[in-house]
Amino acid sequence: MAEVSVPSARTVNAQRLTLLLEEAGWHLVGGRRGIYNRLAPPGSEPDLSGSLVVPLDSSAPEYYELMHAALSLLSSPQYYDLWQRDISPRLSAESTDEFRFRKDSAAPSGLISWKQGEGLIESARATLVAGAKSFMEPGRRYYSNRHGQFANRYLDTVLMGQTAAGSYVITAYAPANISVPLKGSQSQVLGLEGVDLTPARQVSAAIVKAVEATVEALEHHRATGSLSGFEARVESGVSYEMVTALRGITRDADEAEISIEWDPAEPVDDGPAALFQFRGSDAAVLEKVGSRFAAAEPEEHLTVTGRVHLLTKKEAGGPGVFGIETLGKPPRKIRVRLSSEEDYHGAVRAHDQDLAVRVSGDMTREGSMYWLYNARLVEVLGDYMELAKPTMQPEQIEGQHGLFDDFAPDN
Amino acid sequence: MEARSADGVDTLRIRPVVEATFTKCMEQLQEGYVGSIAATAGCLMTRVDRDCYGMDVMFVRVNSAEREEVSLYAQLKSTTTLKPDPSQEYFSHRFKRREHMQRLVNPRTSIKAILIVMATHPHQRLWSAGDHESLSLLHCCYWAALEGETVPAGVNSPTVRVRTANVFTAEALSGMLDRLERGEELHG
């Protein structure tokens, strides 16, 4: 059995410990008000054997001795599961807000099929990320990679908890009083709230707001058959990314739930907790909404000229993808996915004979790679080496613009 | 000349029934003794992890809904080398380790602690005797409240004085718990 470390009695809050024990099924069997709580484990005899004394009066000279004794007992092998799963992760003095993502699973209680489990974790992550992006820029339907680094910094502050007994549950502990830098570390100079930093709690609140808005829109659709509720709530954080994440959670299950429990030490106006429920039928609706939002996105149309430096096919008989290295200075690498397979021959020929090509398509960025989708091989040009000579200017073509000028640098 | 076993029991004087478990049986006898006293006083007694608390048991008097429970820790010590003379006001008890005494003298406000010393007969076979009427146990448990006293510096095995009048009975235990409920100290 792994070593468990006993946290310092100085960092543990007695009320919090009592709360955690009660949540785990222990009950208050006695004590003295303001002095100590006596708690007994579930199913224990009324003779107080096995009961635990949690000291409450931190001004008492023996307070730390009693607290240390309580923690030692709870972290002993007898209570290993309880300690590891329910108590230890939530005991630290740092306030944490708790998200729970629950999906009904056909597998026995506490289990989920492997792939579904992976999918649930991915979707839970995607929900947090989508909400974080809507915090940075509310009112956007489609974020793509915008604010990806900020979302990552928020995610860095979040802990994933062990799943609880019951249907499969993923818990995310987000700090209530830690701040997340708004910009990358180099630009964080002042360390001021609102200027360089934002409390993680506010990001969590934006996530909850977006989930809630989506649930409302789903209810509106159930009542009226109209998807207009989603459009109306884009300002509240309903986005392509959010509906896609939630679709992942609701898919292939009869029921799913997301809940938030705010740390009681840092109360929230709207109440200590909220629960959002989804049905299996919601997945199809969310998919429809996602397609709408993606389709509505104005395309960035681009034409580039360059050398085919890479040819690749994922599977035999499948569509070919090729990579272009542009003629501009500095040369950029772009992947191209053609709308028509016939054009691929042209790319192969250009690759073989070192010919330059001109390609036109819808630009998007995935990670650090630029892509052209629905692309058309406009023209296979002459010898690349000739065209690349410094005397040649990049040709002015209508519709072509400076590749990387108009794109907001990602934070 | 005295011979002592590894745990300090005077091996020349004792007559165990089973030598290997003699010391453990002394503890068991004392637990039975104080457990009976506690039951008579309407208190529950629970064993406590000695390594954690420096105490062996806790007495808990659970009260009706209007009143809260009151509890008291006790460190149990048992010896065969002692039979206090009631005509003397005090007898002496020696702690094997300094920290045992320290735990009892440290100030406490949440839950108080007392020492209970049992004087036991060296012949194990004589420890208890019973018939239809009653059970008798040899010999006697005495209690002491040491909070506020000082552990003498540089002494590994400090000694304390215990009043012979402090026989641990149900009345004594009830009286202590009543005083604790009223917020009074226990010294005496």
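All of these numbers come straight from a predicted model, not from anything done at the bench.
- Counting heavy-atom pairs under 4.5 Å between each of A:Gly31, A:Ala60, A:Ser49, A:Pro55 and chain B puts A:Gly31 at the top.
- Between B:Arg163 and B:Glu89, at least one side-chain nitrogen of the basic residue sits less than 4.0 Å from a carboxylate oxygen of the acidic one, meeting the salt-bridge criterion.
- Heavy-atom distances place both the backbone and the side chain of B:Val70 under 4.5 Å from chain A.
- For the set B:Asn106, B:Ile111, B:Asp49, B:Val62, the entry with the most heavy-atom pairs within less than 4.5 Å of chain A is B:Ile111.
- Classified by interplanar angle (parallel below 30°, tilted 30° to 60°, perpendicular above 60°), the ring pair B:His100/B:Phe95 is perpendicular.
- There is no contact between B:Arg47 and chain A, counting heavy-atom distances below 4.5 Å.
- Contact annotation for B:Met58: only side-chain heavy atoms (C-beta onward) come within less than 4.5 Å of a heavy atom of chain A.
- Taking the six-membered ring where the residue is Trp, A:Trp262 and A:Phe99 present perpendicular rings, their angle passing 60° and hence far from 30°.
- Contact annotation for B:Thr109: both backbone and side-chain heavy atoms come within less than 4.5 Å of a heavy atom of chain A.
- Using modelled atom types, one side-chain atom of B:Arg94 and one backbone atom of B:Ser157 make a donor-acceptor pair closer than 3.5 Å.
- Here CD of A:Glu23 is found 11.5 Å from OG1 of A:Thr18. Values are rounded to the nearest 0.5 Å.
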